[in-house]
There are 2 protein chains.
Amino acid sequence: MQYKTPYTPPTVTVDAVMFQLIDNALNVALIQRSTEPFKGEWALPGGYAPQGETTLQALERIVLHKAGVSILNDLSYIEQLYTFDSVARDPRGHAVAVTYMGCGQNIHPDQAKAVVTFFPVNNLPPMAYDHAEIVKYAHNRLIAKLTYTNAVYAFLPQYFTLAELQTAYEAVFGYELDKRNFRKKFLSLGLTEETDQMRREGAHRPARLHRFKSPDLEVLSRSFD
Amino acid sequence: MQYKTPYTPPTVTVDAVMFQLIDNALNVALIQRSTEPFKGEWALPGGYAPQGETTLQALERIVLHKAGVSILNDLSYIEQLYTFDSVARDPRGHAVAVTYMGCGQNIHPDQAKAVVTFFPVNNLPPMAYDHAEIVKYAHNRLIAKLTYTNAVYAFLPQYFTLAELQTAYEAVFGYELDKRNFRKKFLSLGLTEETDQMRREGAHRPARLHRFKSPDLEVLSRSFD
DNA sequence: AGGATATGGTGTATACTAAACACTATGCAG
DNA sequence: CTGCATAGTGTTTAGTATACACCATATCCT
């Protein structure tokens with residue numbers, strides 16, 4: 001298609017919403033901006049996506065550089081979230097932000113560059129741009145994902161107890177579940193299997209460790225909760 | 001963030017997947033490309049999104065120009081679908097495509113520019129780029145939307161029969177529903193109300209017309225089918 | 001006028017899923 | 001050996017989903 005004026009694309013940026021459980025609470029990774037605009041404020045890690053790289057490739061490079069986290073290696077699950085493009089969202093001018101959401105169970109920032117800080121989703125600091133809105137959107141998507149897929153696996157280590165599993169759901173959903181009903185329903189999905197290992201810790205009965213049969217994302221036939 | 005080389009954004013394009021029911025079948029609006037690449041092939045209406053316009057504004061302008069359809073006026077529902085950005089998807093070079101999906105019940109292309117053609121989703125022609133994949137993705141999203149929201153309204157006129165309503169669900173889902181169970185379940189959602197109007201057509205008992213109480217998209221508490 | 005036709009409209013029985021709810025089991029610490 | 005802290009387990013009841021068949025009624029035709 002021809003334009004009278006030469007075609008100028010908008011700025012394209014990428015941002016990552018990275019979730020992790022810390023102390024049984026759902027947390028998000030933020031960085032403190034070192035430059036204007038919003039210098040000193042908290043923001044999602046992200047940056048400019050140039051020609052020739054996919055947005056996911058750009059995000060991997062940028063988040064590794066700015067936050068010391070490899071979204072490909074440190075996250076167990078990642079998906080595109082939404083593309084935010086209101087003209088006013090960036091004070092420097094029109095920017096189209098392609099956002100991604102992911103979850104990990106043990107995000108280890110490279111200590112040399114570890115400027116990333118985790119905040120509980122229900123106790124977030126004021127954030128730059130429209131990033132508070134993006135985090136909220138991501139949280140809603142995450143709740144949906146946990147109800148119709150096996151995505152919880154992304155928060156858990158390979159071997160885990162049923163109590164840990166339930167806690168992961170509760171942290172994401174934001175409310176408590178009944179232990180007996182939870183186990184009955186979850187186990188009936190057949191996603192996991194018992195192992196012969198137990199976890200012994202503290203002055204109480206040890207817990208059996210379970211693991212997922214498949215490491216891949218599956219859509220459930222009967223959705224969960 | 002600083003780059004050694006000046007920042008060059010990728011090309012940003014927009015595409016629309018517009019659904020409509022025709023003869024009780026789900027159809028998609030396509031146009032025949034008039035220029036290379038893929039000249040003569042069928043494609044989703046779309047084009048370049050420039051700096052300074054939101055992607056939705058750009059889409060409205062482009063689809064009106066190329067297909068004679070106003071997505072804002074002719075569609076009852078529109079939402080962002082996904083952003084496709086594999087580097088290889090456009091033979092001219094890296095393009096990021098922000099796609100939208102919408103539904104209408106009476107899409108009237110401006111006849112002077114009416115180069116848009118509707119194809120049934122289960123009998124699509126070969127399509128340019130990755131557009132076949134995009135349509136499939138949109139169809140899956142649409143099925144999901146109809147199960148957990150009241151989005152069917154977008155396919156129906158203001159006054160409709162329960163048979164038409166059921167047909168809309170069947171056309172999107174791709175399978176038939178039981179009439180009695182359908183009515184029981186749907187009516188229990190309380191989204192619609194009876195009117196005192198009837199539709200008389202053909203040699204049989206007339207059907208009562210219903211209408212939606214609210215014209216807005218709502219997420220259902222108990223999802224449908 | 002009355003019968004054929006074509007679609008509109010309705011109910012019940014059964015199976016399954018969801019929700020509420022409390023006690024025993026077991027390893028460790030003291 | 002007792003206390004403690006978490007692990008682990010079943011039943012009852014209510015609600016939702018599924019399967020399934022017949023009567024109602026306006027029109028058309030003869």
Side-chain angles (χ1 to χ4, degrees), chain A residues 21 23-24 143-144 146-148 150 156-157 159-171 173-211 219-225, chain B residues 21 23-24 143 146-148 150 152 156-157 159-171 173-211 219-225:
Chain A
L21 297 182
D23 295 335
N24 295 342
I143 291 171
L146 256 61
T147 69
Y148 73 89
N150 64 348
L156 298 170
Y159 293 83
F160 54 86
T161 68
L162 294 179
E164 288 171 329
L165 180 70
Q166 181 176 343
T167 298
Y169 275 104
E170 289 173 336
F173 289 168
Y175 51 83
E176 299 195 342
L177 302 170
D178 177 86
K179 182 165 62 162
R180 280 169 295 185
N181 291 339
F182 172 81
R183 291 178 181 216
K184 212 185 323 163
K185 190 155 48 163
F186 187 87
L187 293 174
S188 79
L189 298 174
L191 299 172
T192 55
E193 56 194 6
E194 285 189 355
T195 69
D196 51 8
Q197 297 185 56
M198 309 290 277
R199 174 172 305 157
R200 64 228 157 279
E201 65 176 14
H204 55 82
R205 177 171 173 178
R208 182 168 299 277
L209 293 174
H210 294 247
R211 70 173 159 226
V219 174
L220 307 179
S221 48
R222 293 164 34 219
S223 78
F224 193 78
D225 222 45
Chain B
L21 297 182
D23 296 336
N24 295 343
I143 290 171
L146 256 61
T147 68
Y148 74 89
N150 63 349
V152 232
L156 298 169
Y159 293 84
F160 53 87
T161 68
L162 293 180
E164 288 172 328
L165 180 69
Q166 181 176 343
T167 298
Y169 275 104
E170 290 173 337
F173 290 168
Y175 52 83
E176 299 195 342
L177 302 170
D178 177 87
K179 182 165 59 160
R180 280 170 295 186
N181 291 339
F182 172 81
R183 291 177 180 217
K184 211 184 324 161
K185 189 155 49 163
F186 187 87
L187 293 175
S188 78
L189 299 174
L191 299 172
T192 54
E193 56 194 6
E194 285 190 354
T195 69
D196 50 8
Q197 297 185 56
M198 308 291 278
R199 174 173 305 157
R200 62 225 160 281
E201 64 173 17
H204 54 81
R205 178 173 173 177
R208 181 168 299 277
L209 294 176
H210 294 247
R211 71 173 159 227
V219 175
L220 307 180
S221 49
R222 291 164 34 219
S223 79
F224 193 78
D225 222 45

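Each chain gets a letter, A, B and so on, in the order the sequences are listed, and its residues count up from 1.
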Can you tell me the distance, in whole Å, between the [atom1] atom of [X] and the [atom2] atom of [N]?
X: B/F182; N: D/dA17; atom1: CZ; atom2: P; answer: 14 Å
X: A/L189; N: C/dT17; atom1: CG; atom2: P; answer: 11 Å
X: A/Q166; N: D/dG8; atom1: CD; atom2: C1'; answer: 12 Å
X: B/L177; N: D/dA17; atom1: CG; atom2: C1'; answer: 13 Å
X: B/F224; N: D/dA17; atom1: CZ; atom2: C1'; answer: 12 Å

Only one of B/R183, B/K184, B/K185 forms a side-chain hydrogen bond (donor to acceptor under 3.5 Å, both in side chains) with B/N181, so which one is it?
->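 In the set B/R183, B/K184, B/K185, the residue that makes a side-chain hydrogen bond (donor to acceptor under 3.5 Å, both in side chains) with B/N181 is B/K184.
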
Atom CG of B/L209 and atom CZ of B/F160: how far apart are they, to the nearest 0.5 Å?
->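 With rounding to 0.5 Å, CG (B/L209) is 9.0 Å from CZ (B/F160).
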
Less than 6.0 Å separating the ring centroids of A/F182 and A/Y169?
->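 Aromatic pair counts; centres sit under 6.0 Å.
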
Closest non-hydrogen atom pair between A/R222 and A/L189, with its separation |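 Shortest heavy-atom contact: O-CD2, 3.7 Å.
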
Taking all non-hydrogen atoms of both residues into account, name the closest pair between B/A171 and B/N24 and its distance.
->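 For B/A171 and B/N24, the tightest heavy-atom pair comes out as CB-O, 3.6 Å.
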
Taking for each residue the nucleotide of DNA chain D bearing the nearest heavy atom, is the 5' side occupied by B/G202 or by B/R222?
->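 Its nearest nucleotide lies further toward 5', so the answer is B/R222.
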
Cationic N near anionic O, under 4.0 Å, A/D196 to A/R208 |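 Result for this pair is no, no salt bridge flagged.
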
Which parts of nucleotides 5-15 of chain C does protein reach within less than 4.0 Å, heavy atoms only, written one letter per nucleotide 5' to 3' as B for base, S for sugar-phosphate only and - for none?
-> BBBBBBBB---

